[in-house]
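Sequence lines set the chain letters: A, B, ... in the order given, protein chains first and strands last, and positions in each chain run from 1.
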Protein chains: 2
Amino acid sequence: MATSVPEPVRRLPRAQRREQILAAATQAFARAGFASTSLDDIAVEAGITKVILYRHFESKTDLYQAVLDRVCALLATHVGQQVGEFTEASIDGLLAAAAAEPAGFRLLFQHAAREPEFRALTDRFRTEIHDIAHVQIKAVVADSAWAQWASHLAPTVAIEAVIAWLDAGQPDPAQAADRIRAAIGGVIAAAARSTMDHITLVPDRPGSGGPV
Amino acid sequence: MATSVPEPVRRLPRAQRREQILAAATQAFARAGFASTSLDDIAVEAGITKVILYRHFESKTDLYQAVLDRVCALLATHVGQQVGEFTEASIDGLLAAAAAEPAGFRLLFQHAAREPEFRALTDRFRTEIHDIAHVQIKAVVADSAWAQWASHLAPTVAIEAVIAWLDAGQPDPAQAADRIRAAIGGVIAAAARSTMDHITLVPDRPGSGGPV
DNA sequence: ATCGTTGTTGACGTCAGAGTGTAGTACTGC
DNA sequence: GCAGTACTACACTCTGACGTCAACAACGAT
């Protein structure tokens, strides 16, 4: 079941072996998260034995942290260098990072986000999107509770939209970012709309693409 | 840390004790999922010892299944009796169920959905929303890949919108369903929009609530 | 008030999985 | 060609969590 190497390859350079383990661990952890993935699972995935893992990493937690750090670094590279610099344009970076490392992206936002011990990592990105969204949302949403709702939902929609994009087979990346921004805009519009408005699930004029 | 009873209550009727265990287990499991929650954690949460759990449930898996079944039953009651009968109106049911059992709702869709062994339960609801959404989406989204994207994303947004609503303090339930439907409509509109359109994250006319 | 029923308890068996030695083998420098 | 180094593998120990057993305590019915 090892996805990496069919034959009993041996003697990889240390750095390369480490990268291979990290890649395999990313795949393995992405399936069921930290607790449900054993070191033997990862070893099999990497085509080695459990002991080798300890030659490269202190512990299971250390390995997991390294995997998450690698994904975070990748994300930071694509999204933007500085913390707090998250803007609308960063959606492109999110997509690029997800395309580069789908399993890592899923691991970070679907599993690590639910694990109390590692939740802080993903919260860093979430709060960035949350904050930038909250500033903009406060301007258009009068009701503070609904502004908070939209601020909570917007980051989630951004991330889930990227994951759904992966699931859909990564169709034309050039337009994905715009569509995701549109979806987020739709969420914000839903929070901003007056209580009198009513809405139909299906637009009246299909494909009209009116203002959102 | 037992949330249920401050004093050493004893001698509860069997059915009542079972319900109390289920409620405590729901809270405990909701924090970290199945694998990361020990039976002792649950016992402490319920204010009893581990052995009692086995007087009421065969195994940890059995207990977890009972917890999930209870939440599913609650959900089915609120959302609609018959399977396959999911409509736009079911959003109201989702909100009612989430309000009645927040921890259970989170457990079902945030944790159980990621656990391969129990994923089938949540997928039943997800596929219902997915199917009803897909039928409507296919009518307005020409590109099949983006139709699939929206169909994947719509159920997630529905559920995440409900969770965000819980996080925001459950503001005016009467309008929540409409706003969530609007948010889903925004997602579909994002998939339906032509490739020429451009969008701003913040609507041009705040509060205008134009067609979505 | 007492007996049976039921809930409760601390201590124990068992097993999967984390973490660790010792031995073997392939690449690199002299 | 040889020695040193470093990566690999098997067999082992140990912790922690699931699951179990005997004894104790409290409530209801007679």
Side-chain angles (χ1 to χ4, degrees), chain A residues 1-2 4-25 27-29 31-68 111 115-118, chain B residues 1-2 4-25 27-29 31-68 111 115-118:
Chain A
M1 293 297 174
S4 49
V5 282
E7 298 224 338
V9 257
R10 299 169 185 175
R11 286 305 235 174
L12 265 63
R14 183 172 181 84
Q16 187 175 342
R17 174 63 74 188
R18 184 187 159 93
E19 278 308 307
Q20 190 226 347
I21 291 174
L22 283 175
Q27 298 290 331
F29 279 131
R31 278 198 290 271
F34 179 73
S36 300
T37 305
S38 77
L39 289 176
D40 288 302
D41 291 339
I42 299 166
V44 169
E45 179 83 28
I48 56 174
T49 66
K50 188 176 56 174
V51 185
I52 310 305
L53 300 177
Y54 283 95
R55 294 289 168 123
H56 294 266
F57 302 95
E58 286 293 318
S59 65
K60 184 185 182 184
T61 301
D62 183 42
L63 170 59
Y64 194 58
Q65 193 75 47
V67 167
L68 294 182
H111 291 286
E115 290 149 5
E117 194 143 3
F118 306 98
Chain B
M1 292 300 173
S4 48
V5 282
E7 299 224 337
V9 258
R10 300 168 185 178
R11 283 303 232 181
L12 265 64
R14 183 173 179 83
Q16 188 175 341
R17 174 62 75 189
R18 184 187 159 94
E19 279 307 308
Q20 190 226 348
I21 291 175
L22 283 175
Q27 298 290 331
F29 279 131
R31 278 198 289 271
F34 180 72
S36 299
T37 305
S38 78
L39 289 177
D40 289 300
D41 292 338
I42 298 165
V44 169
E45 180 83 26
I48 57 174
T49 65
K50 188 177 56 177
V51 185
I52 311 306
L53 300 176
Y54 285 95
R55 296 285 173 116
H56 294 266
F57 301 94
E58 286 294 317
S59 64
K60 183 184 182 183
T61 301
D62 183 42
L63 170 59
Y64 194 59
Q65 193 75 46
V67 167
L68 295 182
H111 291 287
E115 289 149 7
E117 196 144 4
F118 306 98

message = If only side-chain N and O atoms count, and only distance matters, is there a donor-acceptor pair under 3.5 Å linking B:Asp62 with B:Ser59?
response = no
request  = In whole angstrom, give the distance that lies between atom CD of B:Gln20 and atom C1' of C:dT8.
outcome  = 13 Å
request  = Using whole Å, report how far CD1 of A:Ile42 lies from P of C:dG19.
outcome  = 11 Å
query = Rounded to whole angstrom units, what separation is found between the CZ atom of A:Arg18 and the C1' atom of D:dA6?
reply = 17 Å
ask   = CG of B:Leu63 versus P of D:dG19: gap in Å, rounded?
value = 10 Å
ask   = What closest approach, in Å, do B:His111 and B:Phe29 show between heavy atoms, and which atom pair accounts for it?
value = CD2-O, 4.0 Å
task = Give the rounded distance in Å between these two atoms: CD1 of A:Ile21 and C1' of D:dC7.
result = 11 Å
ask   = OP1, OP2 of D:dA9 versus side-chain N and O of A:Arg55: anything below 4.0 Å?
value = no
note = Here the distance between atom C1' of C:dT20 and atom CZ of A:Phe57, to the nearest Å, is 18 Å
task = Return the value, rounded to whole Å, for the distance between atom CZ of A:Arg17 and atom C1' of D:dT8.
result = 9 Å
task = Between D:dT8, C:dT8, D:dC18, spot the one nearest the side chain of A:Ile52, thanks.
result = D:dT8
Detail all sub-3.5 Å separations between protein N/O atoms and N/O atoms belonging to nucleotides 10-17 of chain D.
none

query = Can you check the B:Tyr54 OH to C:dT8 P distance for me, whole Å?
reply = 16 Å
task = Ignoring hydrogens and angles, tell me if any N or O in the side chain of A:Lys60 forms a donor-acceptor pair with the backbone of A:Thr37 under 3.5 Å.
result = yes
remark   = From the list B:Gln20, B:Arg31, B:Gln27, side-chain hydrogen bond (donor to acceptor under 3.5 Å, both in side chains) partner of B:Glu45 resolves to B:Arg31
ask   = When you look at CD of A:Glu19, are more than 12 heavy atoms from neighbouring residues, nucleotides or ligands closer to it than 6.0 Å?
value = yes
query = Would you call the rings of B:Phe34 and B:Tyr64 parallel, tilted or perpendicular if under 30° counts as parallel and over 60° as perpendicular?
reply = tilted
